[in-house]
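Worth saying up front: this structure is predicted, and the values here are computed from it rather than measured. Order of the sequence lines sets the chain letters (A, B, ...), proteins ahead of strands, with each chain counted from 1.
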2 protein chains.
Amino acid sequence: MLTQSLNAPAISTQITRGKVAPAPHPVSDQFGAITGHVGLVASEFSYRKDEEIYGEDEPAEYVYQVVSGAVRSYKLLSDGRRQIGAFHLPGDVFGLESGATHRLAAEAIIDTTVRLVKRASLEKAAGTDVQVARKLWAMTASELRHAEDHMLLLGRKTAMERVATFLLEMDRRLAVAGMMALPMCRRDIGDYLGLTLETVSRALSQLHAQGILGFSGARQIVLRNRQRLHNLDA
Amino acid sequence: MLTQSLNAPAISTQITRGKVAPAPHPVSDQFGAITGHVGLVASEFSYRKDEEIYGEDEPAEYVYQVVSGAVRSYKLLSDGRRQIGAFHLPGDVFGLESGATHRLAAEAIIDTTVRLVKRASLEKAAGTDVQVARKLWAMTASELRHAEDHMLLLGRKTAMERVATFLLEMDRRLAVAGMMALPMCRRDIGDYLGLTLETVSRALSQLHAQGILGFSGARQIVLRNRQRLHNLDA
DNA sequence: CGCATGCTTGAACAAACTCAAAGCCCGTGG
DNA sequence: CCACGGGCTTTGAGTTTGTTCAAGCATGCG
């Protein structure tokens, strides 16, 4: 886990470009805000479902952005208990570290393509460009904000409140035309919310029975009443 | 909570110095590493036990360092459930934000003196001095690391494991001559660990019965067997 | 020295977990 | 195109861990 810096590509799609897409980036494109600004070299890389992107405590050689797919960042206890700290969806940057190593491991939840840049080149850019330095700090601060909210959820919310929070978060982040297609299984959701997969399933069933959400298959969910869901979320 | 930027001083000890202590700072002094470097103006301020230092979502006007005493940072749910995200002990910097507001509230656990600098002046310094910018990022990254470890604790550890982790953390951070004087009450510990105060008390009693720790009053604790405590911590 | 606050302990309870089984999809291959 | 198989999800029943509610105790502060 500590030895290799990058795993084997999934389908040998290691397309290295001299420069990342020169097309204009929206403000929300955090990676573009950096790479576009200082002209860093970015590459693309693909991982198959459940493939490890990097391990816990591995040297942080690259910084990643999800192009398509989904990624989970997690920590393990020695007996296998897992806590997922975050899900990374298209557009999200992950694997950014101020220190030398990755604090959490990362795996592709489904087949996933990422863009990546060498951490060293970002550090270098930050050393000369104050805007880049500010942006790196802001990205880490944004992760911290999420972690702080999540500590409140894990420490103090009930199972139903956690699931309600999760659904509202996913709705915000990946709903298309009022519907969301969850890339992760019930176990992943449980490990994110500090619950078992059964408890997650029961909460979702209950919300379904109350008409608050609709299913089209276990992972296609429509929120039918965001207000009521919000009320369930403490 | 959103209106005032700084609460009334405890005992009118608002000593403003032209410059903070010019004595050499150890490497561990994060605040000094910045203020010393760029010559920022720092002040000292005191808060009485249980006094609010700033509220959640209040504008982040200052960055603080504990000089003496102890501080808790926390979030509340609407019905009063509380999650303490961190305890700040002498030497610790807290209240540092990349964005405009404080994400957690902060209160003095006991009578506390802090050193503080205006956030704006730090931002300004970071704009010209890359070392300062790097340091601010590193401090936020350090908080993130703690939050990630704490998510694992809150989401996946048992009550005994949480208490063991807590004791080892406090031992590391505030033990003097093998003994630690906890500044916080059982409720604070519970709200930090996602437990009730009764569960914390029961775990401590059990550790005492097993000879793993000794008490001299409820808050004076001696760890008699760190190895066994470490084994109890997953 | 006395009281109030915080801590401990006990007993009953509840929320979530574990273990188990059945059902549903979805992708695969015939 | 349909049948099959396997993984994922749901649901149920019983258990466990930690919570809640309630006393009693200690301690440290005035």
Would you classify A:L197 as touching base, sugar-phosphate or nothing, given that sugar-phosphate means primed atoms plus P, OP1 and OP2, and contacts are heavy atoms under 4.0 Å?
base
Residue whose nearest DNA chain D nucleotide is more 5′ - A:C185 or B:A159
A:C185
If you measure only the distance, is there a donor-acceptor pair under 3.5 Å linking the side chains of A:D233 and A:T165?
yes
Do B:E61 and B:Y54 pass the side-chain hydrogen bond (donor to acceptor under 3.5 Å, both in side chains) test, and can you show the C-alpha distance, the side-chain angles, and the key distance before you say yes or no?
CA-CA 10 Å; B:E61 199 176 349; B:Y54 51 77; over 6 Å; no
To the nearest angstrom, how far is B:D188 atom CG from C:dT5 atom P?
16 Å
From CG of A:L193 across to C1' of C:dC17 the rounded distance in Å is 15 Å
Mark yes or no for a side-chain to base donor-acceptor pair under 3.5 Å between A:Q220 and C:dC25, with no hydrogen or angle criteria applied.
no
Is the distance from OP1 or OP2 of C:dA15 to the nearest side-chain N or O of A:T158 less than 4.0 Å?
no
Nearest to the A:R186 side chain among D:dC21, D:dT9, D:dC8, which nucleotide is it?
D:dT9
When A:K157 and A:A218 are each assigned the nearest nucleotide of DNA chain C, the 5'-most assignment goes to A:K157
Quick one: is D:dT9 close enough that its OP1 or OP2 comes under 4.0 Å of any side-chain N or O from A:S201?
no
Heavy atoms only, 4.0 Å cut-off, all strands: where does B:G194 land among base, sugar-phosphate and nothing?
sugar-phosphate
Parallel, tilted or perpendicular: which fits the ring planes of A:H150 and A:H146, with parallel below 30° and perpendicular above 60°?
parallel
Rounding to an integer number of Å, can you tell me how far A:M184 CE sits from D:dT9 P?
11 Å
Under 4.0 Å between a side-chain N or O of A:T199 and OP1 or OP2 of C:dA15?
no
Rounded to the nearest Å, what distance is computed from the CG atom of residue B:D191 to the P atom of nucleotide C:dC7?
12 Å
When rounded to whole Å, the CD1 to C1' distance for the pair A:I109 and D:dG7 reads 17 Å
Does a salt bridge link A:R173 with A:D92, judged by any charged N lying under 4.0 Å from a carboxylate O?
yes
Quickly work out the B:E198 CD to C:dG6 P distance and round it to whole Å.
14 Å
Side-chain N or O of A:R202 closer than 4.0 Å to phosphate OP1/OP2 of D:dG12
no
As a test of understanding, state which of A:F87, A:Y64, A:Y62, A:Y74 forms a ring-ring contact (aromatic ring centres under 6.0 Å, His included) with A:F94.
A:Y64
D:dC8 OP1/OP2 closer than 4.0 Å to side-chain N/O of A:R219
no
Please state how far atom CG in B:D79 lies from atom P in D:dT20, giving the value in whole angstrom units.
11 Å
Atom-to-atom span, CG of A:L195 to C1' of D:dT10 - whole angstrom:
16 Å
